[in-house]
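Written out below as structure tokens is the structure these notes cover.
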Amino acid sequence: MAKDLFNRYIWLVDVIYRAKKITFEEINERWVRTEMSEGEDLPLRTFHNWRKAIEEIFDINIECNKRGGYYYYIENIEDMEKGGVRSWLLNTFAVNNLINESHHLKRRILFEDIPSGREFLTPIIEAMRDSRTIRFMYQSYWKDDPNEVEAEPYCVKVFKQRWYVVAYNRIKKGLRIYALDRIKELSVTETMFKYPKEFDPQAYFDASFGIIVDENYDIERVRIKVFNNQNKYLRAFPLHHTQKEIEETETYSVFEYVLRPTFDFLQELLSHGGDIEVLSPGWLREEIQAQVQQMYRFYKG
């Protein structure tokens, strides 16, 4: 039921966003055409309950212009288009809603799957909203048996088609990052917690490439040389928000980053093969070299 409500909230945001302004009658017409409606009208009371929930969960305000004929619209729509969770909601589910209205297209549009978000994402977000702890069994890749965790969920993050939750582990008394696909069982407890005002999720990951936040790595200036027109790709899809193109020639470009060069960043650089050369820092260049030599030993015979 919670998952269904989540999808309906997103459906409503997307409909109003695409229409810019829309009456309740027009919303209901589109609602009836969806599979979720099962052919039933959308009660006005339910519509207003959804509006309230959307504001509480996503901080998206659906307002009504009573002077202009009772048109509904999204307040401060320009903020939604700057990125973050609001932009993700629209980008992820807008196409899905169109497909639901055009059944014959379903087999012609292919998606990447994010299985970890199916079962646990909604209850985790609800626990964040209600400031309640979560209890779950977690199967680490480094241990044979799962262990039970009770934690305070602070934020969720998606990276490379996997969902993660950043939570304060009450037993270990520290922040931990848990992959949702490694969670075996999860329940929301009745135990309340106070979200720390000083915790800023954006700032927490600011110096990270992906999901690894490891303060054992210093924040360093990393420079890479990019060949074979791969610079065009990096211009369109920067590896990190600190990316700067500091040199451009006919055959290569040099990009600079200020971050913690953790394992996931190293893996990203390796994934580009011979199109990228690490210039600095020296230890990262040597680590890449060692990885390349290891791969060479695998394939030379």
Around F47, counting heavy atoms of other residues, nucleotides and ligands shown, do more than 12 lie under 6.0 Å from its CZ? yes

I'd like to know if R285 and E277 make a salt bridge, using a cut-off of under 4.0 Å between side-chain N and carboxylate O. yes

Before we go on, tell me: are the rings of F205 and Y164 under 6.0 Å apart, centre to centre? no

Distance (rounded to the nearest 0.5 Å) between N65 CG and Y71 OH: 9.5 Å

Could you check whether Y70 and F24 have their ring centres less than 6.0 Å apart? no

Apply the test side-chain hydrogen bond (donor to acceptor under 3.5 Å, both in side chains) to residues T133 and E152: give CA-CA distance (whole Å), side-chain angles for both, the deciding distance (0.1 Å), then the verdict. CA-CA 5 Å; T133 67; E152 304 168 3; over 6 Å; no

Quick one: does any side-chain atom of D41 pair with a main-chain N or O of P43 as donor and acceptor, under 3.5 Å? no

Judged by atom type as modelled, is there a donor-acceptor pair below 3.5 Å linking the side chain of Y138 to the main-chain atoms of A179? yes

Could you walk me through whether F209 and F159 satisfy the ring-ring contact (aromatic ring centres under 6.0 Å, His included) test, starting with their C-alpha distance in whole Å, then the side-chain angles of each, then the deciding distance to 0.1 Å, before giving a yes or no? CA-CA 10 Å; F209 162 71; F159 178 67; 5.6 Å; yes

Salt-bridge contact D214-R260 (side-chain N to carboxylate O under 4.0 Å): no

d(I134 CD1, T191 OG1) to nearest 0.5 Å is 12.0 Å

Between the side chain of T249 and the main-chain N/O of Y252, is any donor-acceptor distance below 3.5 Å? yes

Walk me through whether R51 and H48 qualify under side-chain hydrogen bond (donor to acceptor under 3.5 Å, both in side chains). CA-CA 5 Å; R51 286 179 61 196; H48 289 302; 3.1 Å; yes

Does any non-hydrogen side-chain atom of L239 lie less than 4.5 Å from one of L234? yes

Distance under 6.0 Å and angle within 45° of ring axis: R182 vs Y141: yes

So, the side chain of N28 versus the backbone of L42: is there a donor-acceptor pair under 3.5 Å, distance only? yes

Donor-acceptor check, side chain of E287 to backbone of W283, threshold 3.5 angstrom: yes or no? no

Look only at the side chain of E26 and the backbone of T23, and say whether a donor-acceptor pair between them is shorter than 3.5 Å. yes

Using a strict cut-off of less than 4.0 Å between a Lys/Arg side-chain nitrogen and an Asp/Glu carboxylate oxygen, indicate whether K160 and E268 qualify as a salt bridge. yes

Check whether more than 12 heavy atoms from other residues, nucleotides or ligands sit under 6.0 Å from atom CD of E38, and answer yes or no. no

Distance col, row D200:CG vs Q202:CD, nearest 0.5 angstrom, shows 7.0 Å

Would the distance check show the side chain of S140 and the main-chain N or O of W142 forming a donor-acceptor pair, the cut-off being under 3.5 Å? yes

Can you check whether F199's main-chain N or O pairs, donor with acceptor, with Y195's side chain at less than 3.5 Å? yes

Taking the six-membered ring of Y17 as reference, does the NZ or CZ atom of K20 fall below 6.0 Å from its centre and within a 45° cone about the axis? yes

Checking Q139 side chain against K143 main chain: does a donor-acceptor pair fall under 3.5 Å? yes

S37 side chain vs W31 backbone, donor-acceptor pair below 3.5 Å: yes

Same cluster or not: are W11 and Y73 linked, directly or through other Ile, Leu, Val, Met, Phe, Trp or Tyr residues, by side-chain heavy atoms under 4.5 angstrom apart? no

Exactly one candidate in L259, I212, T262 meets side-chain contact (heavy atoms from CB on, under 4.5 Å) with Y217; the answer is T262

Check this for me: does any side-chain nitrogen of one of E248 and R235 sit under 4.0 Å from a carboxylate oxygen of the other? yes

Looking at E56, I'd like to know if its CD atom is crowded, meaning that more than 12 non-hydrogen atoms belonging to other residues, nucleotides or ligands lie closer than 6.0 Å. yes

Tell me whether E256 is salt-bridged to R223, with the criterion being a basic N under 4.0 Å from an acidic carboxylate O. yes

Less than 6.0 Å separating the ring centroids of Y178 and F136? yes

